[in-house]
Amino acid sequence: ENGKIAHVEAEAKTNEEEEKKAARLKTIKLKTKRQKSRDDSFAAFCIKNQLRSTVASFEQDNVSRVVESSLAPKNPGLSFASSRCRGMICDFCGLSDTALGSSLVRVPDQREWDELMVFASRNRRTAMVADLREQVNANQGISTSKRRKGVVKVSIRVDGELFCDDEDEELFDQIKEGECLQFVPRNSEGFQDELLFRYDSNIPFVTGSLSAHECCAIASHNARKVNLVQSHQET
C-alpha cells in the first residue's frame, strides 16, 4: 500500500515538473517571437526605403500597405517606433540600427560585465523589477502612483558591492549563459514593454551603459569570455 502511494506521488511530481518545463519553454518561445517581431519591423522599414522611388511612380501605394500588414507588429510595444533609436549608433560596430536593420539593446560595458559574470555563472540574479504602475489605495480608493512611471530595473548595493539573490535554478531553467544574453531594448518605450513582459513571465534580463545590436552584443560577450579564460590560464 505504501509502495503504491509513493509511486503515485512520484508520478504526480514528475508530471508537475514536466508541466513546469513545458510552460517555461512556451514562455521562452514567446520571448523569441517578440524579438522576431522587432526584427520584422526593421525589415519592413528597410524594404519600404528600398522601394520608395519605385512606389513613388505608382498612382496608388499598395506595396507599403502589404509590407506593413505582413511584417509590422500589432503590439505597439514591439513596433518600429518603440524600437528605433534615432541619433544613436552601436558602441561596437559604429552602425545605426537602421543601417544594420537590427534594433539596439542595452549592453554592459567591461566593468559591468566583470561584476555580472561572478553571479551569472552561479545562476544568481542581480537585477530586479520594481512595479510603479498605477495602484489603488484600497482604504481611500485613490491612486498612489501615476501610470506613466511604469516599471523600473533595480539593483541593490551594500557597501558598494552588488547584492545578488540566492541561486535560482528554476528562474534560469532553459536560459543560456545566465542573464548575460537576455538583452532588452535601448528605446525607452520598447524597454518598458519588454521589462514588463520579463516581470510578468519571470525571465531574467541584463542592462548596461552601452548600446549595441544584439549580434554585436553576443559577439562581445563571447570575446570577453575567451579573454577571461585566457587571463585565468596565464595566472
Side-chain angles (χ1 to χ4, degrees), residues 24 27-28 31-32 34-35 38-39 83 85 87-97 99-100 102-132 150-199 201-235:
R24 186 65 168 174
T27 302
I28 292 173
K31 177 186 73 72
T32 303
R34 286 169 59 84
Q35 182 55 45
R38 291 194 181 93
D39 293 340
S83 302
C85 298
M88 298 185 69
I89 59 173
C90 173
D91 285 308
F92 297 121
C93 73
L95 296 176
S96 67
D97 48 10
L100 199 61
S102 176
S103 60
L104 296 178
V105 296
R106 303 173 185 228
V107 185
D109 60 20
Q110 185 66 59
R111 180 189 61 79
E112 293 166 336
W113 186 87
D114 288 339
E115 191 174 45
L116 177 67
M117 278 298 292
V118 175
F119 305 107
S121 60
R122 292 180 286 173
N123 289 336
R124 293 187 172 183
R125 176 167 52 180
T126 58
M128 295 170 286
V129 177
D131 188 353
L132 301 180
V151 290
V152 296
K153 174 249 183 179
V154 176
S155 293
I156 300 174
R157 291 184 179 275
V158 179
D159 294 332
E161 296 294 324
L162 190 63
F163 178 82
C164 72
D165 205 350
D166 293 333
E167 185 173 350
D168 191 341
E169 292 185 0
E170 186 174 330
L171 174 69
F172 291 97
D173 181 36
Q174 303 180 59
I175 300 289
K176 295 181 179 179
E177 305 286 335
E179 58 190 17
C180 293
L181 298 181
Q182 300 304 310
F183 304 112
V184 290
R186 170 55 65 186
N187 179 291
S188 57
E189 187 177 342
F191 174 69
Q192 277 290 306
D193 188 79
E194 185 62 24
L195 205 60
L196 181 57
F197 169 74
R198 302 296 179 99
Y199 174 68
S201 59
N202 198 32
I203 293 181
F205 63 93
V206 63
T207 64
S209 54
L210 300 182
S211 302
H213 305 104
E214 185 166 352
C215 58
C216 297
I218 293 173
S220 171
H221 171 73
N222 291 335
R224 287 168 174 173
K225 280 202 308 179
V226 171
N227 291 336
L228 182 63
V229 171
Q230 289 179 344
S231 65
H232 278 288
Q233 289 176 339
E234 291 171 359
T235 55

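Just so we're clear, the structure is a prediction, and the values are computed from it rather than from any experiment.
When the salt bridge (Lys or Arg N to Asp or Glu O under 4.0 Å) test is applied to R106, no partner is found at least two apart in sequence or on another chain. Judged as a side chain to side chain contact (heavy atoms under 4.5 Å, CB included), and not counting sequence neighbours, the contacts of S220 are F92, R224. Listed by chain and residue number, nothing satisfies the side chain to side chain contact (heavy atoms under 4.5 Å, CB included) test with A223 (two or more places apart in sequence, or in another chain). Evaluation of the salt bridge (Lys or Arg N to Asp or Glu O under 4.0 Å) rule for R38 yields E194 as partners, not counting sequence neighbours. Residues that satisfy the salt bridge (Lys or Arg N to Asp or Glu O under 4.0 Å) test with D193, not counting sequence neighbours, are R34. Residues meeting the salt bridge (Lys or Arg N to Asp or Glu O under 4.0 Å) test with R111, sequence neighbours left out: none.
Residues A127 and S155 approach most closely at CA-OG, 4.3 Å, considering heavy atoms. Heavy-atom minimum distance, C215 versus L100: SG-CD2, 4.1 Å. Closest heavy-atom contact between E115 and L162: OE2-CB, 3.8 Å. In terms of heavy atoms, F197 sits closest to T27 at CZ-O, 4.0 Å. Closest non-hydrogen pair, V206 versus V184, comes out as O-CG2, 3.6 Å. For P185 against F191, the heavy-atom pair with the smallest separation is O-CB, 3.5 Å.
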Dump the intermediate steps for side chain to side chain contact (heavy atoms under 4.5 Å, CB included) on L195 and V129, then the final yes or no.
CA-CA 8 Å; L195 205 60; V129 177; 4.1 Å; yes
Worked check of side chain to side chain contact (heavy atoms under 4.5 Å, CB included) between L132 and V152
CA-CA 7 Å; L132 301 180; V152 296; 4.0 Å; yes
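Rounding to the nearest 0.5 angstrom, the gap separating the CZ atom in R125 from the CZ atom in F205 is 8.0 Å. Between atom CG of residue D91 and atom CG of residue L104 there is a gap of 8.5 Å, rounded to the nearest 0.5 Å. In this structure, CG on N227 lies 8.0 Å from CH2 on W113, to the nearest 0.5 angstrom. The SG atom of C180 lies 10.5 Å from the CG atom of N222; values are rounded to the nearest 0.5 Å. From L181, atom CG reaches atom CD of E179 across 10.5 Å, with rounding to the nearest 0.5 Å.
If you check the side chains of N187 and S83, you find no donor sitting under 3.5 Å from an acceptor. Side chains of S102 and E214: a donor-acceptor N/O pair is absent below 3.5 angstrom, by distance only.
Under the 3.5 Å distance criterion, the side-chain polar atoms of E112 are matched with a main-chain donor or acceptor of D109. Put simply, the side chain of H213 never gets that close to the backbone of V105: no donor and acceptor are under 3.5 Å apart. A donor-acceptor contact shorter than 3.5 Å is absent between the side chain of Q182 and the backbone of I203. With hydrogens and angles ignored, the 3.5 Å screen pairs a side-chain donor or acceptor of D97 with a backbone N or O of C85.
Using a 4.5 Å cut-off on side-chain heavy atoms (C-beta onward), S103 and R186 make no contact.
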